[in-house]
Each structure stands twice: as C-alpha cells, then as structure tokens.
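Okay, so here's the structure we're looking at.
Just so it is clear, the structure is predicted and the values come from calculations on it, not from any experiment. Whatever order the structure lists ligands and atoms in, that order sets their numbers, starting from 1.
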Amino acid sequence: MNKISKRKLLFDQSITGKVGTTMPSMDIPAQKLPDSSQLREELTMPEVSENEIVRYFSSISQMNFSIDHNFYPLGSCTMKYNPKLNDDIAALPGFNDIHPLQDTSTTQGALELMHHLQILLAEITGMAGTSLAPMAGAEAELAGMLMIRAYHRNREDFQRKKVIIPDSAHGTNPASAVMAGFEVVSIPTDKNGNTDLDALRSVVDDTTAGLMLTQPSTIGLFDTNIVEIVNIINENGGLIYGDGANLNAILGKVKPGEIGFDVIHSNLHKTFTQPHGGGGPGAGAVMVSQRLVEFLPDPIVTKIKDNFDLTKPSKSIGKMGAFHGNFGALVRAYAYIRTLGKEGINSISEDAVINANYLRTKLENTLDLPYNRICSHEVVFSAKTIKEKYGVNALDISKRLIDYNIHPPTMYFPLIVDEALLVEPTETESKETLDDFIYVIKQIVDEAKTDPELLHNAPHNTPNKRLNEALAARNPKLSWRDTQVSS
Ligand SMILES: Cc1ncc(COP(=O)(O)O)c(C=O)c1O
C-alpha cells in the first residue's frame, strides 16, 4: 500500500493552540471587531504547524490524476496537451491583470487578440462569423440552437419546432436542443456507424428546424453520409448544427462551412489546449454561416477604423454569461494556433487519427470492435465478449487500468455500444506511450482469463478502493464533519 493511504485528515492532526504562521507585529491601528451578532459562534479550524499543512496539501495533490502525471485516454471529453508556454502567455500582465469593466481604450491588445481568434476560427472551420462568448461546449450548443430558433422566427416560420439528432450524438446535444425549446427526434445509426438515411428521410419535414450532428460522432467515426444529410435537411428548410468539440479529428482537412453546416462549435478547452477538468473553465467558440451572423451572441469584437470594440450583432440572441467569455482560455487557444501555424494545424488531425487507428489495429483481436473501419480521433472498443466469457466488464477493466497508472477511458458511452470503452489517445502522445497502453490492456485481458477476482476488486494501489458508486451518489460525504457524524 502506498504511503498516501496512511495520511491523517487535517482536522485529526489539530492540537489546540498550535499555530503554523508567525505574524508580523501590527503596524496599523487596531480595528473594532464587527458586531458579534454577525459572527459565527463557533468556527472550528484545524490548528496545525506549517510543516503539517504543507505536507497535507502536498500529499493530497499527489492523489489527483492529471495529464501531467500519466496517460489520460478518456474518450470525447479528453484532457489534452496543455503546453506550459500557453500558461506563461496567459499569465502575462497585459492579459492577466485586466478587468472586463475597464474602458476598451485600455484593453486594445486583449480585444485585438480576440478579434484575430474570431477570424482564425472562422477560417479554420470555413464559416462567416465567430462568437467567443460561450464558456463551455454545451453552452455553445445552446447558443447555436437559440440562433437557429431566432433565424426561423425572424422569417416567421414558426412551425419549425423539431430538431433531429442521431443516437450517436454527444449527450449534451439533446439537452441543448430541449433547453432552446425544441422537441428532439432521435434517429438510429446504421450498421456502418453512419446516420441512417432512411430513418432521417422518414422524420424530416417542414416542421424541422434543424439537425444536430456530432462530427466525428461519439463512436469515433466521420459520418460518410454527410453530404446527403446536409442536402436532405436543407431541401426541407432546416439548418445543420455541427458539434465540433473534437475538431482535432478534422483540423486542416475538412471545413464544415464548405460542406454546408450553418453552425459549428469547438471546445477550445479540448482542441486548443486549455486545461480543463471538474467542469471548467472552458470556452466553446461558436462559428456560423453568413445567414446566422446577425444572430451571434453578444458581444463580438469588431474592428472599427483602427480600434477594437465590443459590439452586439443586430439580431443577437443576447448574452451567454457575464462579460465576454473566458478570456484566459481564449489566450491559450490563440497562442496554440499561432505556435503551430498552418502546417502544424494540419498535423494535429493527422497525428490524432493515426494514433487512434494504431490502437484500433493493435487491439482489434484483444477487445471487441463494434465498428471495424478506419476511425477518427478516437476508437470505441467493447468488453462484451470478455464479460460473457469471464464475467469481467468494462468497469472492471477501467478500474484495473488505474493500478497501472493509466486513467480509464470513457466507459458505457456511447450508449449504443454494449460495454463500451471509448479510447482517445490524442495527437500528442508518443508511440512508446501507446505501446505501453496496448501492453497493459493485453495484460489486463490475460488477468481477466486467469484471475477475474483481481479485476472485480480493482483498483488495489490507490488511496481509496473501489467505491460503491450508487451509495456515494445517494449519501455523499462532502466534508470532514460528514465523516465524523457517520463513523
Ligand atoms: C462531442 C462533445 N460535445 C459536447 C461536449 C460538451 O462540452 P462541455 O463539457 O465543455 O460542455 C463534449 C465534452 O467535452 C464533447 O466531447
């Protein structure tokens, strides 16, 4: 067992009267305490020495798993490459020490960066305009759906209440459509992993507002029916929303705007190196075709003569949040694009696709491969056969990976694949890392055959053993006090 499991909680180390700081003598006039009725009667704080508190926080920081520790092949919402250079650039005082309420005459450099990023993202995706306002992928989806609604309403085409979404879409897509007031019609995926065209034709009509397509889909495939899908929707007066969270699969190769998409969003915190985890912070830039430019969220950055200013498009759907987006994330995305240049951008998608296909071909005889064709940036395996033969499921394999210091892939998603393991190596991992992962997966599958119990009880090498996830969700212990009450 590693030493972290012996770590004592900070409160358990507390000894009354112990202090961890030496305060300088006071050189300002003493102030009266606030009215005692406004003070809490008892605020228990741990009383520990400086060493104890430093060791405590250092030890819990080692319990985190991050891409700075090891390989993190979590499909779809992957933690990707976070160049330290981008952090340095985002921390420059001219970017870091400004406030969104400052007069724009004092923040011209920051606005210029945003303006250039808008242009670069529009060019990369082949679209006419960009808003950097949404602060997550799902928020960009909501913005896109609201723009599609505003577009139809503006044309007094009020009956368009339906949004069609293939069942291989990301889970946030239907939620965003519903939040924007649409009814969602789900259609199946065909046996090759593409959108089922017959099913699409059977539901599309003049009540269709649009279609939301995750491209590449959550089964890691580029939908080769794409041109037909766009034609079917457009012929019926609908618009196409592309979920391009995973733009790293197609960068420099495909411009969604040229295929006929009206909206596409990109998770800058995924494709363009903003570190994220635990829900944020992120940036979901949203790009649109010419017919939606006037509906973009407020604000966008416009160049007026020689100055940059925040402007509101004429029929804007309004604000997506406070101020104008998650600026630090925008700086990192801009730095990454400028570091790579045009050539480098192309190699992102080449490397992402080669890496995923390397894993696919090396593991195709080890795990099930429900859609065995060239994949995009990620590959979905299944543990179905292993479960049937040895009673070991996708969860057991994922938990055992932790013992080998590898973060689990996305499990049980996409929902259309039984015992799914969605693996995304990303473009920035080396062949050596991928070979290590291949070796470990094969090792785990051998363990499943010879010692399934080892996997049922994994992980073995972590401070916390396997959680009862149902109980943890129903009866969460969120503070030290909770652990005291029930223990
Ligand atoms: C394909 C896809 N769409 C949408 C999202 C939602 O993005 P966010 O988590 O930033 O809301 C994700 C998650 O990263 C995703 O992978």
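When non-hydrogen atoms are compared, ligand 1 lies under 4.0 Å from neither the backbone nor the side chain of Asn173.
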Could you list the donor-acceptor pairs under 3.5 angstrom formed between side-chain atoms of residues 295-303 and any protein atom two or more places apart in sequence or on another chain?
residue, atom, partner, partner atom, Å
Thr302, OG1, Thr311, OG1, 2.4

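Against a heavy-atom cut-off of under 4.0 Å, Ala138 is close to the following atoms of ligand 1: 6 (C), 7 (O), 8 (P), 11 (O). The ligand atoms of ligand 1 that sit less than 4.0 angstrom from a heavy atom of Ala136 are 10 (O), 11 (O). Near Thr172, the atoms of ligand 1 lying under 4.0 angstrom from a non-hydrogen atom of the residue are 4 (C), 5 (C), 6 (C).
At least one N or O atom of Asp243, backbone or side chain, sits closer than 3.5 Å to an N or O atom of ligand 1. Every N/O-N/O distance between Ala245 and ligand 1 stays at or above 3.5 Å. Here's the thing with Asn267: one of its N/O atoms is less than 3.5 angstrom from an N/O atom of ligand 1.
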Before you tell me yes or no, could you show the steps for Asn154 and His152 under side chain to side chain donor-acceptor pair (under 3.5 Å), namely the whole-Å CA-CA distance, both residues' side-chain angles and the distance that decides it to 0.1 Å? CA-CA 5 Å; Asn154 187 51; His152 291 305; over 6 Å; no

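The heavy atom nearest to atom 16 (O) of ligand 1, out of those in Ser76, Pro216, Gly137, is found in Ser76. In this structure, of Glu141, Glu139, Met135, the residue bringing a heavy atom nearest to atom 4 (C) of ligand 1 is Glu141.
A donor-acceptor distance shorter than 3.5 angstrom exists from the side chain of Thr361 to the backbone of Asn357, with no hydrogens or angles considered.
Each of Thr273, Thr426, Ile67 was scored for a side-chain contact (heavy atoms from CB on, under 4.5 Å) with Tyr81, with one residue passing: Thr273. When each of Asn248, Asp243, Ile250 is checked for a side-chain contact (heavy atoms from CB on, under 4.5 Å) with Asn246, only Asn248 meets the rule.
Within the 4.0 Å heavy-atom shell around ligand 1 one finds His269.
Leu395 and Tyr412 make their closest contact through N-OH, 3.2 Å (heavy atoms, listed as atom of the first residue, atom of the second, distance).
In this structure, Asp418 and Asp368 have side chains that are not in contact, with every pair of non-hydrogen atoms separated by 4.5 Å or more.
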